[in-house]
Engineer: 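Below is a structure I'd like to ask you about.
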Amino acid sequence: MEFISALQLLKLNSVSTAWVDAVWDFEFTHTEPLDPVIEEEIKEDPDVFKSVYMQLLPFSNEDDDNTQSIWVVFGENGVSAKTLVAVLSYFILSAKTKSPSLEQRLCGLQAASLYLLLLKIPGSVANKVYHQILFDTCLNMPLKCWPQDSSKKRKKDSLKSSQGDTKTGKRSKPPKKVSEEMEIDDDEEEGVYFSAQDLLKLREGIVLLVRTLLRLLERFSLRDKPQSADSCVQLFTELTNFEPVIGDMSFSQERSVNQLKSLPELSYHGLGLLCSTIHGEGDECCRRVFRKLLYVILMMKTQERSKPCLLAPSQTVCALILHIVDKQREATLPLLRILVQHICHQMVEKSEYRASGAQTVGKLMAKMPCQDYAAIIKWLYSYSRNNKVAFRMFALDVAMVLLEQSERDVDDTVDPELAVFLPHRFLVHNIVYNHRNDVSPTVRGHALHCLAQCLELDSQNATKCVHELFSNSAQTMLESGRSEQTLKRRETVQKTALTFRTIELTKHKSITTTHRSVMNTSLQNEEAMTLFKKHVSDPKTNARKSALETVMSLLKHGVISCSAENLSILSDRCRDPAVSVKKKAMQCLIDLLAALPENREVQEAWLRGVLPAVMDSESSVQEKALECLDHVVIAHIKSQGKYQDSDASQKLAWELLGLLCEKCQDLNRYFSKAFSVWAPQQKFTPAFVNGLLSHTEGERAAAAWLLLAKIASCSPKLNYGTILDTWENIIRSPVVSVTMTGHILSVLGDIASNLNDDTNTRIVDDLMSWLKTFSLPLEVISSCVDTLVRFARSDNTQDTLKFLNRFCGELVSVCESYLSGVILQEKGAENINEDLLVKHLYTLGAASLHCPSKVEKRIFLLVQSVLTPSEQQPVPAEGEDLPASQPLSQFKPNSMPTVVRAHAVITLGKLCLQHEELMLKYLPVFARELEVGTELAVRSNVVVVMCDLCVRYTNTVTRYISNISACLRDKDPIVREQTLIMLTNLLQEEYVKWKGALFFRFAIALVDPDPTIADLCEYCLVDLLLKKSPLMFSQHFIECIFHFNSYEKHKKYNKFPQTESEKSKFSLKGPQNKGKRFRIYRFLLKNFTDEKRFNITTKICQDILASFVDSELPLDSEGSEMLADIFDILSLKEMKLTAMSGPAAGEEPQEDEMAMAKAVLQVAQKKLVSQVQKRNFVENVIPIIISLKKTLEEQHSPVLKHLMAYLQVTMQDYRSQVKELFAADEQLAAEVEYNLKQFEKEKQQQEQQQMENQLANFTLSPRRNGNAVTSPAQAANVGGQTGFATPLNPHAAKGPAQTPKSALSIISVRRTYAGLVTPVRTHSSPTVFSTGKPNNTSINEVTFGEQVSAICNESGRGSKVVDEEESVLHLKSPEQQKLVPRQWNVESPLVQKLRTKKRF
């Protein structure tokens, strides 16, 4: 017989009985070496086990009726099954030794396969072939024989190589500790290398073993072998990622084991087999499989939960679970709910894990019936209110996945109280939108991002829900009073420790607002936009970016109107301090413009956001802005013949250019900057220019001339004929377009050098005749004069001056004649033409700048006469000298209108720019006008003139900076804003220094009544001026205290000259202005470094407090007020060193290595800084404080309470060292200690009161009061029942005899901090845990073993039915010892024999 012949190759008859008995007695945990001669004979044939396997295979086929029993064959041929198993176990265990060879591994795999095949043959159990330890060892063979990843070995080698070099004598750093597990793995693989052929042979052996195991599991029941079943699940789970699978695996069609090729396919088939009822009753099998698949879904290894290793996400796992659910729906639906809870509970805090996990949760929930689906949504709502940031983040991800699915309709199977959770509205309103104000910036930003994504979903329901949030009518999400009442109930998450003490953990403070109306989430449109304006100014960058995305989506989908105010939210953020936010804002504007290209408001917002960015300080922002301009505008400019109205891109480009010619003319300088960048790139080809010229007539003419004006100076040769023809038409036209005319004049100036003399002369004559009409708008007059000057340019300077003196001098003469006629003639001022006079003054100022030699002294007095009464000073005749001196008085009111006087100021300023003696005479007059002038336009123009003169005559005008800065407290906001801007420009260019009271006056603008000016001042100080003078704030801080309190008794501070009116203007003295003072102090301190804060604290003590101690400064009312300010400043949180402060509220801890290293560095830094600060406090502060306290006590000063408050705040960092620090004053130490205790007591009372207020609307836990509480997902447990408790009908509370309905008892899953679950063995089942009170509570079954939720019974409560959904976790007490490893629940035959003997 071939089988017996093959079996003889194993030399079973040569093996001694004693050796076999020893192997069995050791229960296959250890084996004595086999006789070397026998071992060598067996190994002579490398395929000996495979040959026996193939011969034994027919005996395992039960379908063949003619097959003779293998056990009969063994008996007839004298073959001992016990000996065969012993020999097989020897080769199996040899493969598990340290560093096994390839031959040992292959023999071990084949022997294990042969043993599993032997088990498949009927009668194997009766013949005592099965042994649990050997069976489990065989299951471990594939993972043990396959070479482990060599990365660990490389890591260890690198550690060895980093040891110090003995030759160089250098001492190296000590190597990192290598884990015990890593060392074992490395030792096992040490010196063993495998070729591709070797690995292929090993894979074949593993495949054979797995195929044999699958055939075994089809008939061999593991019902009473839970440990073996767990080993099978572990093996199959590990092999799911063994190798990639080509194509998608489908479980819809049943396939035999022989049809499965890859190990993952075989593994999934095995997991499916283990879920069959042959291996266990009820849901026991599926529970075991689901528990292991949980970690495949989570893409991490079970044993490395603290440091997960990202595995390839497998959608096949989800498909397998859903296939199992379809086959065993009733048994697996409760497990499916538990699996979803565990996925949420154990999700890794990384985005790639969360995204995959959320998709899996969505697919699993899609299989649930409506009742279970609604209950899980209810649980998800509680989960989203957890303290842990990762939970709230994942809840948002799951909500977004569920929103992508179709909305479920309420059917008869859904409880009325759970029906509210089915619509998409609940997810949008109560999970996504509710987290917009989360305390964590990460969650805030993610919630806003999700809200924006809701509008992009295909589901119309989600979009409709977002519209409801911003509708003007208040809509209530829940109409049922019962449902609303249910949702108001307490949903406090509980933990039950092993000591049976219930710990109540309240929800996250960001979401525990009083539920006046939990579901009333609709906001007025205005309120909603106010809220988003707050979010786009969030301190965290990511939150601002998400808020911008949300605003863009709301605008894009018409949820909010595209008004200028709403659009300004996006355009203003293009100037955000963070570069990433600037780019995000620009991208949002680009997306919005692409979605709404025809909206004029959107077009304007796009221009106002993108164009200024071309002058941004960050080069990457400039590049993005230029790219946007090129892509949206320049790239779509084509010739007139190729233009089509149907082309939206072309139409948009011309409309944007049209806006630049009309409403957005103030942006032209940014547009010019873009062309100055593009000019060297030779971007504008002749074809482009000719295409532009074809548009110079018609409706797009103004926009075409705008572009031509920008590129004329850098473009190739233009078609001058077209330009000159257009100029001729403009000259003859009675109606002048201001914008287009300015652009045409600019083009003429650019091509002036390329025109012939005749053409130049003709154009100059046209310009002069046009200007002399004085009928042009002021903007056109300025452009004409500029163009005239450009025609004067030549290589010969004398020719240029001659040209300017001739033509500009002629304009000055014409203006002089007109002004003389108006001012000198009788009743000339009475019949004044206001518009004509303004144009003459404007032309005079523009022309006089280019021909100063033609401006006579008589013109000065003519302009002054416009500002002053005609009878005040006679105007000298032509040729007479100016009077020796002018009265230094303000411009007195006369009959001239304000607009004329305002233009006269500008003209006089231009004259002063060219004539220094005139500037010296009129500068005091300007300063006086700022002080006593009443006309807004005049004062505003005087500020502009004086600042321009400061650039030209810096040393002279610097003396009047105090007069200019006094306008920062002007009664008119326009003057204050103008002054702020002009002074900032002068300070940036360093024409003005921070001298005198300038800084303090600038700081006053921080508390300006107009918030726009206050914001502008903050921007100017921080973003423009502080970068130029980093020490500016710290140098002026102490003097700010003196200045704003108007304290002048110090010998050093606040000693600069000021008039009484200026002092009163800029004083913030008194308690009524304390808020304004401290707003300035806080602003300055926020921009301090720790070094500056430390130095300022020391300086305040030495320069100010010490002066009061030494009686240099009196403790009068003024001194007491300032001293109180000082102590309050020292108590500010902004004064505390950032190195001493903990993380900001709402910041979630980071878990990566860099963050941990940073945290360690911060701890060390805090310790060092604390020591330095403590030393400074002891040496410099405490002596002064003690002396000052005694002085204040003697005078019974009210400042004493401010001093004690300061000590109370400061000593929080030295709570245990009060007596040591204040050893010199025991009474003060006792007072400080008492105050600290009182402060802590009050703080605890406030926290307790806040907690009580938060819980005021909730009922107590049934574990505390024993009362049943109604829940939306009511569930009643039947006492004495095993397995999952069957939830009862919500209406069955009055009698237990009613028919139970399917409902879910929701269990909130929380990650424990105390450790793993502590099992208490109550009977043989390994899955039974003990929890609750022993006398009245038992849990029949828990779910997945560790850190789990439990759906349980609670008996012993009388007839009351518990409806409360309880969040139960089985914790291990921290003081308990670690779990001992589980012992094998298997007895050897030897032990059984001994026990039997003792019994008898």
Engineer: To the nearest 0.5 Å, tell me how far Tyr922 OH sits from Leu908 CG.
Structural biologist: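 One finds 6.0 Å between OH of Tyr922 and CG of Leu908.
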
Engineer: Which pair of heavy atoms, one from Gly909 and one from Leu949, lies closest together, and at what distance?
Structural biologist: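 Minimum heavy-atom separation between Gly909 and Leu949: O-CD2, 4.1 Å.
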
Engineer: Quick check: closest heavy atoms across Val689 and Ile711, and the distance to 0.1 Å?
Structural biologist: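 Val689 and Ile711 have their closest heavy atoms at CG2-CD1, 3.9 Å.
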
Engineer: Can you tell me if Thr696 uses its side chain to pair, donor with acceptor, with the backbone of Leu692 under 3.5 Å?
Structural biologist: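 Pair absent, no side-chain N/O of Thr696 close to backbone of Leu692.
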
Engineer: Measuring only between side-chain heavy atoms, which start at C-beta, is Met946 closer than 4.5 Å to Leu930?
Structural biologist: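 Result yes, sub-4.5 Å side-chain heavy-atom pair found.
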
Engineer: Give the ring-plane orientation class for His695 versus Trp654, where under 30° counts as parallel, over 60° as perpendicular and anything between as tilted.
Structural biologist: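 Rings of His695 and Trp654: tilted, as their planes differ by 30° to 60°.
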
Engineer: Rounded at 0.5 Å granularity, tell me how far CG in Leu862 sits from CG in Leu844.
Structural biologist: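 Between Leu862 CG and Leu844 CG, I get 9.0 Å after rounding to 0.5 Å.
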
Engineer: Less than 4.0 angstrom from a charged side-chain N to a carboxylate O is my criterion; do Arg952 and Asp948 meet it?
Structural biologist: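 No, Arg952 and Asp948 are not salt-bridged.
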
Engineer: Could you please spell out the steps behind the side chain to side chain contact (heavy atoms under 4.5 Å, CB included) verdict for Ile634 and Leu707?
Structural biologist: CA-CA 9 Å; Ile634 304 301; Leu707 277 180; 4.2 Å; yes

Engineer: Evaluate the side-chain proximity of Met768 to Leu788: yes if any heavy-atom separation is below 4.5 Å, no if none is.
Structural biologist: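 SC-SC contact between Leu788 and Met768 confirmed.
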
Engineer: Quick one: pull up CG in Asp725 and CD1 in Ile730 and give me the separation to the nearest 0.5 Å.
Structural biologist: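 The CD1 atom of Ile730 is 12.0 Å from CG of Asp725, to the nearest 0.5 Å.
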
Engineer: Has Asn796 got more than 12 heavy atoms of other residues, nucleotides or ligands less than 6.0 Å from its CG?
Structural biologist: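 Result for CG/Asn796: enclosed.
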
Engineer: Taking all atoms of both residues into account, what is the closest heavy-atom pair of Glu779 and Val738, and its distance?
Structural biologist: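 Closest heavy-atom pair between Glu779 and Val738: CB-CG1, 3.7 Å.
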
Engineer: Rounded to the nearest 0.5 Å, what's the gap from NZ on Lys683 to CG on Asp630? Could you check?
Structural biologist: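 Reported value, rounded in 0.5 Å steps: 3.5 Å.
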
Engineer: Over all heavy atoms of both residues, which pair between Val943 and Cys967 is shortest? Give the atoms and the distance, please.
Structural biologist: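 Scanning both residues completely, I find the closest heavy atoms to be CG2-SG, 4.0 Å.
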
Engineer: Please determine if Lys910 forms a cation-pi arrangement with Tyr842, meaning its NZ or CZ atom is less than 6.0 Å from the six-membered ring centre and no more than 45° off the ring axis.
Structural biologist: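 Yes, a cation-pi geometry holds between Lys910 and Tyr842.
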
Engineer: With a 6.0 Å cut-off (strictly less than), is the heavy-atom count around CD of Glu627, excluding the residue itself, greater than 12?
Structural biologist: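 No, because the 6.0 Å sphere around CD of Glu627 holds 12 heavy atoms or fewer from other groups.
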
Engineer: So, Ser782 side chain and Leu778 main chain: donor-acceptor pair closer than 3.5 Å or not?
Structural biologist: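 No, because the side chain of Ser782 does not come within donor-acceptor range (under 3.5 Å) of the backbone of Leu778.
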
Engineer: Is Lys854 salt-bridged to Glu816, going by a charged N under 4.0 Å from an acidic O?
Structural biologist: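 Not counted as a salt bridge, because no side-chain N and carboxylate O are separated by less than 4.0 Å.
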
Engineer: A side-chain contact here means heavy atoms from C-beta on lying under 4.5 Å apart; do His743 and Cys661 qualify?
Structural biologist: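 Yes. Closest side-chain heavy atoms under 4.5 Å.
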
Engineer: Can you give me the closest heavy-atom contact between Ala966 and Arg1001, atom names plus distance?
Structural biologist: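 Reported closest heavy-atom pair: N-NH1, 3.7 Å.
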
Engineer: Please check if the side chain of Tyr1019 supplies one atom and the backbone of Leu1024 the other of a donor-acceptor pair under 3.5 Å.
Structural biologist: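 Checked: no pair found.
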
Engineer: Within the supplied structure, the quantity of interest is the number of heavy atoms (other residues, nucleotides, ligands) at a distance under 6.0 Å from Glu728 CD; does it exceed 12?
Structural biologist: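 Yes, because the 6.0 Å sphere around CD of Glu728 holds more than 12 heavy atoms from other groups.
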
Engineer: So, the side chain of Tyr953 versus the backbone of Cys912: is there a donor-acceptor pair under 3.5 Å, distance only?
Structural biologist: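 Yes; judged by distance alone, with no hydrogens or angles, the pair exists.
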
Engineer: What are the two closest heavy atoms between Met896 and Arg901, and how far apart are they?
Structural biologist: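 Answer, listing the atom of Met896 first, then Arg901: O-CD, 3.6 Å.
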
Engineer: Are Ser639 and Asn690 close enough, and set up right, to give a side chain to side chain contact (heavy atoms under 4.5 Å, CB included), and what steps lead you there?
Structural biologist: CA-CA 7 Å; Ser639 63; Asn690 291 329; over 6 Å; no

Engineer: Name the orientation class of the two ring planes belonging to Trp678 and Phe684 (parallel below 30°, tilted from 30 to 60°, perpendicular beyond 60°).
Structural biologist: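 Rings of Trp678 and Phe684: perpendicular, over 60°.
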
Engineer: Report the C-alpha distance between Val905 and Val944 in whole Å, list the side-chain angles of each, state the deciding distance to 0.1 Å, and finish with yes or no for side chain to side chain contact (heavy atoms under 4.5 Å, CB included).
Structural biologist: CA-CA 10 Å; Val905 169; Val944 175; over 6 Å; no

Engineer: Does any N or O in the side chain of Gln914 come within less than 3.5 Å of the main-chain N or O of Leu849, such that one atom is a donor and the other an acceptor?
Structural biologist: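 Side chain of Gln914 to backbone of Leu849, a donor-acceptor pair under 3.5 Å: yes, one is there.
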
Engineer: Does any donor atom in the side chain of Gln665 or Thr739 lie under 3.5 Å from an acceptor atom in the other side chain?
Structural biologist: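 Short answer, yes.
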
Engineer: Taking the side chain from Thr773 and the backbone from Trp770, do they hold a donor-acceptor pair closer than 3.5 Å?
Structural biologist: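 A pair under 3.5 Å: yes.
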
Engineer: Name the orientation class of the two ring planes belonging to Phe803 and Phe807 (parallel below 30°, tilted from 30 to 60°, perpendicular beyond 60°).
Structural biologist: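 Plane angle between 30° and 60°, so tilted.
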
Engineer: Using modelled atom types only, decide if a donor and an acceptor are shared between the side chain of Ser694 and the backbone of Gln640 within a distance under 3.5 Å.
Structural biologist: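 Yes: the side chain of Ser694 pairs with the backbone of Gln640.
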
Engineer: Once rounded to the nearest 0.5 Å, what's the spacing between atom CG of Asp786 and atom CZ of Phe791?
Structural biologist: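 Those atoms lie 12.5 Å apart.
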
Engineer: Is the backbone of Pro612 close enough, under 3.5 Å, to the side chain of Asp616 for a donor and an acceptor to pair up by distance?
Structural biologist: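 No, the answer is negative, given that no donor and acceptor are paired below the 3.5 Å cut-off.
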
Engineer: Keeping Thr726 on the side-chain end and Thr722 on the backbone end, is there a donor-acceptor pair under 3.5 Å?
Structural biologist: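 Yes, Thr726 side chain to Thr722 backbone: donor-acceptor pair under 3.5 Å.
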
Engineer: Working to the nearest 0.5 Å, report the span between CZ of Arg939 and CD1 of Ile974.
Structural biologist: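 Going from the CZ atom of Arg939 to the CD1 atom of Ile974 covers 10.0 Å.
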
Engineer: Could you tell me if the side chain of Thr787 sits less than 4.5 Å from the side chain of Ile763, heavy atoms only?
Structural biologist: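 The answer is no; the side chains never approach within 4.5 Å.
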
Engineer: Might you confirm whether atom NZ of Lys638 has over 12 heavy atoms from other residues, nucleotides or ligands at distances under 6.0 Å?
Structural biologist: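 Yes, because the 6.0 Å sphere around NZ of Lys638 holds more than 12 heavy atoms from other groups.
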
Engineer: Run the salt bridge (charged side-chain N to carboxylate O under 4.0 Å, His left out) test against Arg608 and tell me which residues pass, sequence neighbours left out.
Structural biologist: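 Listed in chain order: Glu604, Asp666.
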
Engineer: Below 4.5 Å, heavy atoms only, C-beta onward: do Leu819 and Leu837 meet side chain to side chain?
Structural biologist: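 Yes; the side chains approach each other to less than 4.5 Å.
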
Engineer: So do Tyr991 and Thr958 actually touch side chain to side chain, heavy atoms under 4.5 Å?
Structural biologist: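 Counting from C-beta outward, Thr958 and Tyr991 never come under 4.5 Å.
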
Engineer: Please examine the side chains of Leu708 and Ile723, heavy atoms only from C-beta on, and report whether any two atoms are closer than 4.5 Å.
Structural biologist: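 Sidechains of Leu708 and Ile723: no contact.
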
Engineer: State, yes or no, whether a side-chain contact exists between Ser746 and Trp705 at a heavy-atom distance under 4.5 Å.
Structural biologist: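 Ser746 vs Trp705: side chains apart.
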
Engineer: Counting distance only, does the side-chain N/O of Ser965 pair as donor-acceptor with the main-chain N or O of Ser962 below 3.5 Å?
Structural biologist: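 Yes, Ser965 side chain to Ser962 backbone: donor-acceptor pair under 3.5 Å.
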
Engineer: Do Val614 and Val677 pass the side chain to side chain contact (heavy atoms under 4.5 Å, CB included) test, and can you show the C-alpha distance, the side-chain angles, and the key distance before you say yes or no?
Structural biologist: CA-CA 9 Å; Val614 301; Val677 175; over 6 Å; no

